[in-house]
Number of protein chains: 2
Amino acid sequence: MRTAPTRARSKASWLINKTSVHAHRLLTDAVAPVGGHGHHFLVLAALDEFGAASQMEIGQRIGIDRSDTHAIVNDLVEQGFAERAPDPEDRRRNIITITDAGRGRLAELDRILERVQDKLLGALSPGERRQFVALLTRVLDGQEDR
Amino acid sequence: MRTAPTRARSKASWLINKTSVHAHRLLTDAVAPVGGHGHHFLVLAALDEFGAASQMEIGQRIGIDRSDTHAIVNDLVEQGFAERAPDPEDRRRNIITITDAGRGRLAELDRILERVQDKLLGALSPGERRQFVALLTRVLDGQEDR
DNA sequence: AGCCAACGTTGGACGAGCCAACGGTAGTCG
DNA sequence: CGACTACCGTTGGCTCGTCCAACGTTGGCT
């Protein structure tokens, strides 16, 4: 691997984009064998942590478009990891509920993703990983409210 | 903005992917007004730092496919920022050379990208930025050689 | 001479993120 | 009550970045 230009390697934006490609591939490769998808984990995590919610709310929480949320929820319902029911109090909405099988699936995906973190952050010590995640969180939060 | 699930926010892979979307948008938005492209900067930076090179070598350095390198070099040649000439010693190759105008363009894009870094890392102090870039570099390098 | 590898070029596949439009529902205001 | 507006889910499609396959040309090897 020939070295990239110094000017590029000093730009955080370039480092992030390049690393993101690797991270994304690690994630999809790790989750594909069990018939999963990166977004499945996010939706299940949101349902588990915040309880049943409308598709709109889920999409806002995990930061994806409502049309994509629709497709992900379809998958989860098909696989028995979530249930979709119309909201009796507001029939415009669907209420999505996580099932017991869904909680099991969430745990499975969580374990898989933890291994992905290990592969991704293998070059860092545990302390550095925490530092990295902390800095990254602040960078991301600084972007979200604009 | 509703908060994302804790499980997601603790995963470096998710943070990186999400931040990458913001970084990429900041980059393209900043570079579009001058008729540029993120990859233009990379190719020019490689030519400036390592001298004239084949398209293959450029692509390997900045980590993009040769077909995409082809398109980027086309742009740069059209705009007068680079020149493409067949290699007299190996006629399979093209030798790409940066022009004086190309060096000026590189400086312009570099200034623009520095402002992008400021927007992206606005939440971090100068010392934290250096730390962040250092950690990110190690993470990326750990992925490249696999 | 014959075979294989390298390079540039072209075309296209694939997924992620995003947007527009529609029907159905709820809330609001005259 | 009726009209208007806003919201949600659903469907379809657009754009861009990344990647791969195939081809013709050229060079190296035996």
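We name chains A, B, ... by the order of the sequence lines, and we start the count at 1 in each one.
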How long is the line joining CG of A:Asp65 and P of D:dC14, in whole Å? 16 Å
Looking at B:Phe50, I'd like to know if the NZ or CZ of B:Arg61 sits under 6.0 Å from its six-membered ring centre while staying within 45 degrees of the ring's axis. yes
Could you tell me which residues satisfy ring pair (Phe, Tyr, Trp, His ring centres under 6.0 Å) with B:His22, sequence neighbours excluded, listed by chain and number? none
State, with a plain yes or no, whether a side-chain heavy atom of B:Arg103 is found less than 4.5 Å away from one of B:Glu108. no
Base C:dC19 to side chain A:Ser67, donor-acceptor N/O within 3.5 Å cut-off: yes
CG of A:Asp75 versus P of D:dT10: gap in Å, rounded? 13 Å
If you pin B:Asp87 and A:His70 to their nearest nucleotides in DNA chain D, which one's is more 5'? A:His70
Which nucleotide in the set D:dG9, C:dC7, C:dA16 lies at the smallest distance from any side-chain heavy atom of A:Ser54? D:dG9
Whichever of A:Asp90 and B:His24 has the more 5' nearest nucleotide on DNA chain D, that residue is A:Asp90
Atom-pair distance (CG on A:Leu27; P on C:dA16), nearest Å: 10 Å
To the nearest Å, how far apart are B:Asp68 CG and C:dT9 P? 13 Å
With distance as the sole criterion, is a donor-acceptor pair present between the side chains of B:Glu83 and B:Thr99 under 3.5 Å? no
Drop me the distance from A:Thr3's OG1 to B:Gln60's CD, to the nearest 0.5 angstrom. 11.5 Å
Between B:Thr19 and A:Gln143, do the side chains contain an N or O donor and an N or O acceptor separated by less than 3.5 Å? no
Axis bend over the full length of the helix from C:dA1-D:dT30 to C:dG30-D:dC1, computed from five pairs that close each end, to 10 degrees: 0°
Euclidean distance, atom CZ of residue A:Arg92 to atom P of D:dT5 [Å, nearest integer]: 16 Å
I want to verify a distance call: between D:dG17, D:dT10, C:dA26, whose nearest atom is closest to the A:Arg84 side chain? D:dT10
Measure CD/A:Gln60 against P/D:dG9 and give the value in whole Å, please. 10 Å
Between B:Asn74 and A:Pro88, just flag the one whose closest nucleotide in DNA chain C comes earlier from the 5' side. B:Asn74
The side chain of B:Asn94 lies closest to which of these nucleotides: C:dG8, C:dT25, D:dC19? C:dG8
So do the side chains of A:Trp14 and B:Phe41 get within less than 4.5 Å of each other, counting heavy atoms only? no
Roughly, in whole Å, what's the span from CD in B:Gln55 to P in C:dT10? 10 Å
Counting only side-chain N and O atoms of A:His39, is one of them less than 4.0 Å from OP1 or OP2 of C:dG17? yes
